[in-house]
There are 2 protein chains.
Amino acid sequence: MTDISRYPRPAVAVDLVIFTIQDADLRLLLIERDRPPFKGRWTLPGGFVRVGQGEDQGEDLEVAAARELAEETGLPRGSVYLEQLGAFGKAGRDPRLRVISVAWFALVKPELAPFVRAGGDASGAAWFSAAALDPDALAFDHAEILRAALARVRRELHRGPIAFELVPEAFSIAELRAVFEVILGERLDPGNFRRRVLRMIDDGVLEQAPGKRITASKPARVYRFVREPAGGA
Amino acid sequence: MTDISRYPRPAVAVDLVIFTIQDADLRLLLIERDRPPFKGRWTLPGGFVRVGQGEDQGEDLEVAAARELAEETGLPRGSVYLEQLGAFGKAGRDPRLRVISVAWFALVKPELAPFVRAGGDASGAAWFSAAALDPDALAFDHAEILRAALARVRRELHRGPIAFELVPEAFSIAELRAVFEVILGERLDPGNFRRRVLRMIDDGVLEQAPGKRITASKPARVYRFVREPAGGA
DNA sequence: ATAATAGTGTCTATTAGACAATATCCT
DNA sequence: AGGATATTGTCTAATAGACACTATTAT
């Protein structure tokens with residue numbers, strides 16, 4: 001307890017569970033490892049937190065997460081929702097050395113997803129269907145992290161802004177419902193779901209947006225978040 | 001990206017927000033710092049994660065939290081509820097060196113609280129009323145951690161096991177209601193609250209316990225969690 | 001007897017959910 | 001015209017909340 005700078009320290013990393021919606025499917029971005037350990041296996045994108053020397057203490061934890069997010073996706077900072085999941089720090093989770101990872105989940109709006117450099121590139125990054133993927137195929141303890149992320153997203157879907165971060169600026173009720181359905185993994189009644197959304201309009205959370213969404217049949221109205229608070233009461 | 005063991009690393013600590021209920025009041029355990037920085041100020045109990053050398057990677061993150069909890073309270077492991085809050089890692093949060101802290105909250109059952117070595121001891125530990133305490137009086141960024149802990153406990157009070165961890169094994173409905181009231185900071189209707197609890201009996205979550213709770217007037221029935229699942233359906 | 005708290009009853013409003021029916025637009 | 005989806009309507013059950021009332025015990 002005397003000289004705290006003398007004790008051995010763990011490396012600290014940030015790992016990201018980056019979700020998006022594509023083809024009415026919940027997907028996440030994975031990276032193929034090109035070196036041992038777990039060479040050839042898929043992992044969550046991530047990296048080490050930059051820690052300075054002496055006076056400079058380095059970057060904030062959240063800045064590290066945002067930096068990795070920008071590096072891995074190529075998307076501008078602030079354009080993607082980012083929230084901390086928690087710290088994962090079992091001994092031995094990285095066989096090389098002691099690493100404590102702070103995990104985050106990110107939500108990429110579907111219209112941005114095509115700009116993410118993933119796919120045929122040499123980047124080694126690709127989108128995977130969350131439903132089809134076996135978490136245990138991931139390297140390190142990333143299965144545990146992924147499961148926690150899915151549980152968290154499902155749990156907060158009803159209360160928080162999660163669904164709205166996975167839908168375009170202006171969205172139809174059916175599009176929002178599709179996000180709910182694919183995350184929860186169950187069909188929702190269109191009529192009942194519509195009522196829930198309409199109630200948010202009464203509450204001043206949403207408003208009608210200009211334009212309509214062309215579908216296979218009758219076009220649907222589109223909605224968006226209200227920008228300025230309605231200044232009620 | 002080549003030799004990951006070469007980069008500077010942060011120190012990693014665990015900090016604890018240890019709650020209990022005493023005198024119908026939500027309290028938390030604080031420690032008075034006996035050295036700079038922040039000498040004489042109060043802080044959340046905590047300590048550094050033990051990281052080994054070479055083969056030995058040291059203790060799990062959760063083990064570190066449980067160890068600190070046992071050390072600071074003197075209570076046996078496993079007797080106190082412990083849950084992770086998240087990682088706090090702003091640069092400069094500890095002026096001495098870069099420290100990333102993983103915060104946890106703990107819930108001490110009221111009948112155990114008297115055994116915690118706090119009070120007149122030389123330990124420098126004491127219980128503080130959560131309502132009366134000004135979080136900004138705490139050292140480091142512990143105000144932020146405390147606020148997050150309070151928000152989390154309030155948010156999960158309705159859904160999770162939190163309230164039941166702050167009440168004796170066998171508890172009256174009024175005692176459980178008092179926990180809700182002191183955490184939420186508002187009065188709850190006794191009749192309506194009772195119905196909520198009774199519904200949990202229908203659901204097989206609670207059952208009547210032997211004995212009664214003596215009050216200033218009419219004694220109250222006491223309840224407890226069911227041990228064996230009711231094996232229904 | 002009285003105070004105090006346990007416990008019950010009742011009424012209203014809100015919400016979720018199942019499900020049917022109608023409206024509107026594309027092809 | 002026919003198919004598909006948006007949109008509306010209706011009914012039931014569950015729940016929260018306000019509030020009045022009764023029952024039981026300590027003093």
Side-chain angles (χ1 to χ4, degrees), chain A residues 21 23-24 154-160 162-163 167-168 170-224 232, chain B residues 21 23-24 154-160 163 167-168 170-224 232-233:
Chain A
I21 301 278
D23 304 330
R154 289 194 184 112
R155 191 156 42 84
E156 293 189 4
L157 185 61
H158 296 282
R159 318 201 130 266
I162 287 181
V167 110
F171 54 88
S172 71
I173 293 181
E175 286 168 341
L176 189 64
R177 178 164 50 86
V179 171
F180 272 73
E181 289 180 338
V182 76
I183 290 180
L184 297 178
E186 58 182 333
R187 310 296 287 156
L188 298 176
D189 182 273
N192 295 333
F193 186 85
R194 152 169 276 266
R195 247 187 300 276
R196 274 168 60 178
V197 176
L198 294 186
R199 212 171 308 140
M200 303 180 73
I201 299 179
D202 290 343
D203 298 346
V205 180
L206 298 180
E207 67 184 359
Q208 208 172 315
K212 296 217 168 196
R213 180 72 75 245
I214 304 304
T215 72
S217 65
K218 177 179 175 182
R221 253 182 291 223
V222 291
Y223 302 86
R224 68 179 170 211
Chain B
I21 300 277
D23 304 329
R154 288 192 185 114
R155 190 155 43 82
E156 292 190 3
L157 184 61
H158 296 282
R159 317 201 130 266
V167 109
F171 54 88
S172 70
I173 292 181
E175 286 168 342
L176 189 64
R177 177 163 51 86
V179 171
F180 272 75
E181 289 180 338
V182 78
I183 290 180
L184 296 177
E186 59 182 334
R187 308 298 285 160
L188 298 177
D189 182 274
N192 295 334
F193 186 85
R194 152 170 277 265
R195 246 187 301 277
R196 274 168 59 178
V197 175
L198 293 187
R199 220 172 346 224
M200 303 180 73
I201 299 178
D202 290 344
D203 298 347
V205 180
L206 298 181
E207 65 183 2
Q208 208 172 316
K212 297 216 166 196
R213 181 70 76 247
I214 304 304
T215 74
S217 65
K218 177 179 175 181
R221 255 182 290 226
V222 291
Y223 302 87
R224 68 179 170 211

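The sequence lines fix the lettering, A, B, ..., with proteins before strands; numbering per chain opens at 1.
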For A/R221, what residues pass the salt bridge (charged side-chain N to carboxylate O under 4.0 Å, His left out) criterion, not counting sequence neighbours? none
Report the residues that fulfil salt bridge (charged side-chain N to carboxylate O under 4.0 Å, His left out) with A/R194, sequence neighbours left out, ordered by chain and then residue number.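 With sequence neighbours excluded, A/R194 shows a salt bridge (charged side-chain N to carboxylate O under 4.0 Å, His left out) to no residue whatsoever.
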Which whole-number value in Å describes the distance from [X] [atom1] to [N] [atom2]?
| X | N | atom1 | atom2 | value |
| --- | --- | --- | --- | --- |
| A/E186 | C/dG17 | CD | P | 8 Å |
| B/E175 | C/dT5 | CD | C1' | 13 Å |
| A/R221 | C/dA23 | CZ | C1' | 12 Å |
| B/R213 | C/dA6 | CZ | P | 11 Å |
| A/D189 | D/dG9 | CG | C1' | 12 Å |
| A/R187 | C/dA18 | CZ | C1' | 16 Å |
| B/F193 | C/dG9 | CZ | C1' | 19 Å |
| A/H158 | C/dA16 | NE2 | C1' | 11 Å |

Please work out whether the ring planes of A/F180 and A/F193 are parallel, tilted or perpendicular, with thresholds of 30° and 60°.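 Perpendicular.
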Which part of the nucleic acid does A/R177 contact within heavy-atom distance under 4.0 Å: base, sugar-phosphate only, or nothing? sugar-phosphate
Touch class at under 4.0 angstrom, heavy-atom based, for A/R196 against every strand present: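 The answer is sugar-phosphate, as A/R196 gets under 4.0 Å only of primed atoms, P, OP1 or OP2.
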Among the nucleotides [options], which one has an atom lying closest to any side-chain atom of [X]?
| X | options | result |
| --- | --- | --- |
| B/R195 | C/dC25, C/dT10, C/dA6 | C/dT10 |
| B/S217 | D/dT5, D/dT25, C/dG7 | D/dT25 |
| A/R194 | C/dT5, D/dG17, D/dT8 | D/dT8 |
| B/K218 | D/dT10, D/dT25, C/dT24 | D/dT25 |
| B/R199 | D/dT25, C/dG17, D/dA16 | D/dA16 |

Contact nearer the 5' end of DNA chain C, comparing B/Y223 with A/P219: B/Y223
Mind checking whether B/R177 and B/R196 have side chains closer than 4.5 Å, heavy atoms only?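 SC-SC contact between B/R177 and B/R196 ruled out.
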Using a 4.5 Å cut-off on heavy atoms from C-beta on, say whether the side chain of A/L206 contacts that of A/F171.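 Yes, at least one pair of side-chain atoms sits under 4.5 Å.
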For A/I173 and for B/A216, locate the closest nucleotide of DNA chain D by heavy-atom distance; then report the residue assigned to the nucleotide nearer the 5' terminus.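 Counting from the 5' end, the first nearest nucleotide belongs to A/I173.
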With no angle test and no hydrogens, is the base of D/dA18 tied to the side chain of B/N192 by a donor-acceptor pair under 3.5 Å? yes
